[in-house]
Amino acid sequence: MTTMAENSNLHSIKVPFVEMSAYQKAALAINEAMQNRCYDQYPASLSSWKTYVHFHAYDGCLQCAVMCLLFLTICETPLWCNDTGVGYWQWRTAQQRCTVKGGAPSNEVIMSGVPLVPSGIGILMEYVLLGTILVRIILVTKLQIAFKNCGADFRSYKAIMFDWVMIVLGLVDVAVFTCNP
């Protein structure tokens, strides 16, 4: 006859609100295999599963934020065209915005013809886009921590550090420009 102590193995007890179900682990394993990433084992915590689902649910939108930020660099007002008055929030043509007093007349200012986003609106858009990219970096970092002891990286450490450095530089850049238009 076995005793109660022999039947209770603390390592085999699963807490349903803390650990992933077998279906969740299988879904994670299949999804990672479809992306050519294999691990010795997979994270078991439910918080890792939630982070994984959030990352994959929002990753398309988060990557779109990067593309929008690149597009914003084409349409944002160049630094030498900025004015801090009412024009900071108004839509004006490049010739109106970039004409310098005492400089060349507006008909001689040669610009690309692309409409320029007012500086104030551009700053707000940049904060929103950088914030969105920051969410993606946080999710990737959490997944890297979750996959740390699983036999391979979710994403390379160097790539994650590069992401963090770039987002910090981007936020500092916008903050400096916001304080010194």
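All residue numbers in this chain count up from 1 along the given sequence.
Its side chain within the 4.5 Å cluster rule, Leu70 clusters with Met67 among the Ile, Leu, Val, Met, Phe, Trp and Tyr residues.
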Start with the C-alpha distance between Arg155 and Asp163, add both sets of side-chain angles, then the distance that settles side-chain contact (heavy atoms from CB on, under 4.5 Å), and finish with yes or no.
-> CA-CA 11 Å; Arg155 186 153 187 231; Asp163 289 346; 2.3 Å; yes
Checking side-chain contact (heavy atoms from CB on, under 4.5 Å) for the pair Val176/Val172: CA distance, chi angles, key distance, verdict?
-> CA-CA 6 Å; Val176 167; Val172 167; 4.2 Å; yes
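Between Tyr157 and Phe162, the gap from one ring centroid to the other reaches at least 6.0 Å.
Side-chain atoms of Tyr127 and Thr178 form a donor-acceptor pair, as typed in the model, at a separation below 3.5 Å.
Looking only at side-chain heavy atoms (C-beta outward), Ile133 and Ile137 come within less than 4.5 Å of each other. No side-chain heavy atom of Tyr58 sits under 4.5 Å from any side-chain heavy atom of Val135. Taking the side chain as every heavy atom from C-beta outward, Asp173 and Leu169 never approach each other to under 4.5 Å. You'll find the side chain of Leu130 reaches within 4.5 Å of the side chain of Val174, heavy atoms only. Looking at heavy atoms from C-beta onward, Val53 lies out of side-chain contact with Gln24 at the 4.5 angstrom threshold.
The shortest non-hydrogen separation linking Phe154 to His56 is CZ-NE2, 4.5 Å. When all heavy atoms of Pro43 and Ala146 are compared, the pair lying nearest together is CG-O, 3.5 Å. Contact record, Thr51 with Lys142: CG2-CB, 3.7 Å, taken as the closest heavy-atom pair.
Residues passing the side-chain hydrogen bond (donor to acceptor under 3.5 Å, both in side chains) test with Asp59, sequence neighbours excluded: Gln63, Arg136. Residues that satisfy the side-chain hydrogen bond (donor to acceptor under 3.5 Å, both in side chains) test with Thr141, not counting sequence neighbours, are Trp164.
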